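Heads up: the structure comes next, in structure tokens.
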Amino acid sequence: MKIEENYSLEKHNTFHLPVKARWFMEYETEEELEKILRDEYFQECDSMHIGEGSNLLFLNDYSGIILHSAIKEMTVVEETAGAVLLRIGAGERWDDVVAYAVSNGLGGIENLSDIPGETGAAAVQNIGAYGVEIKDVIVSVEGYNQLSFEKKVFPVSACGYAYRYSIFKDPYQEPHIITHVTIRLSRPAVFKLEYGNLRQELEAYAEVSLQNIRQAVKKVRWQKLPDPAELGNAGSFFMNPVIPAATFEQLKQQYPDMPFYPHAEGRVKVPAGWLIEQCGFKGKSHGGVGVYEKQALVLVNLGGATGHEIALVAESIRTAVQERFGIEMMPEVKYVG
Ligand code: EPU
């Protein structure tokens, strides 16, 4: 177990904000986690669990305890005809899992290549890209109830998954800390190639294979998104808003070029990046905060930005989109502090 006081979180948030945590605690096993949760001092303090910090916006230093999982393992727990079940520690980097699956001929997550972050957070957030969401492969999620200290196994049907949502990020549900995620991978691999840009990119390859899909996804991804190692950012800053079909039909008359994705229950998902670009923000900057020039949904730290400055730019974008289109955008990024 690692316990540090006044710990810099600069390497634990992909905006690279130089904030500090009063305490940082990292555990490697479930036993260590349970010990922390049962500790009286821990129970008195504010605490927050983070993954790689690829979806966080720290507004201030954090005066409580930041928890981080270093539970690492990838174990094949079952093999059947056509499928392999893989149990993964929450602290495993998600892309290491994708690399493992692809190199072992296991299909299902290759479209989720190169998404920053760790596996526990990926299951909280229901990460998604290029026509696949992690919920499509999740079998179960294991977690500790932070109040009762009970361990529970949630079958995927009990996780409440929807677009970038699960019960694990819902403040009205009992708080759980995820320790392991079990996913089902296909062998032989079944490919998902509906996403237009990915299909186009794959035409340049001799054959469709897991390795080639992974390469194509990486290429398409980094054509539009900035690498957080080079330019601080947290991927899409807002979620794509889901609006009633009737509202969409009205807007479509005024804005015939408005892209959209059909959504469940008579609703339509509209790309926030397009809405933001229409409002004139793409490529603009304010102080150290930029709206990325290739994808308006991504806010970047051009150097020296604070969390407050990023939040102010986000708010002015939100207001402009609301005023022009009457659409409310919600941050995908979690504000802390
Ligand atoms: N668009 C614009 N201007 C922009 C950006 C996008 O007009 O500046 C338009 C594009 O032309 C396209 C549409 O918006 O017609 C959608 O753009 P894109 O395919 O880039 O995807 P997105 O909806 O902006 C979502 C996810 C991404 C994921 C991609 C690919 C959300 C909030 N974001 O972005 O996820 O990689 O699809 O599947 O759902 C993330 O969550 O951090 C993330 C990067």
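All ligand and atom numbering here is 1-based and tracks the order in the structure. Nothing here was measured: the structure is a model prediction, and the numbers come from that model.
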Sorted by chain and number, the residues that approach ligand 1 to under 4.0 Å with a heavy atom: Gly128, Ala129, Tyr130, Tyr163, Arg164, Tyr195, Arg221, Lys224, Leu225, Gly235, Ser236, Phe238, Met239, Asn240, Pro259, Tyr261, Pro271, Gly273, Trp274, Glu277, Lys282, Gln295, Ala296, Leu297, Glu332
Run the side-chain contact (heavy atoms from CB on, under 4.5 Å) test against Glu32 and tell me which residues pass, sequence neighbours left out. Met1, Tyr27, Glu28, Thr29
Pairs in or reaching into residues 10-23: which pass salt bridge (charged side-chain N to carboxylate O under 4.0 Å, His left out), with residues at least two apart or in two chains? Glu5-Arg22
Kindly state each residue pair satisfying side chain to side chain donor-acceptor pair (under 3.5 Å) with at least one member in residues 222-240, sequence neighbours excluded.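 Listed by first then second residue: Asp114-Trp222.
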Ring centres of Phe15 and Phe58 under 6.0 Å apart?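 That pair fails the under 6.0 Å test.
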Do the ring planes of Trp274 and Phe325 sit parallel (below 30°), tilted (30 to 60°) or perpendicular (above 60°)? tilted
Could you walk me through whether Glu309 and His286 satisfy the side chain to side chain donor-acceptor pair (under 3.5 Å) test, starting with their C-alpha distance in whole Å, then the side-chain angles of each, then the deciding distance to 0.1 Å, before giving a yes or no? CA-CA 9 Å; Glu309 286 163 352; His286 184 82; over 6 Å; no
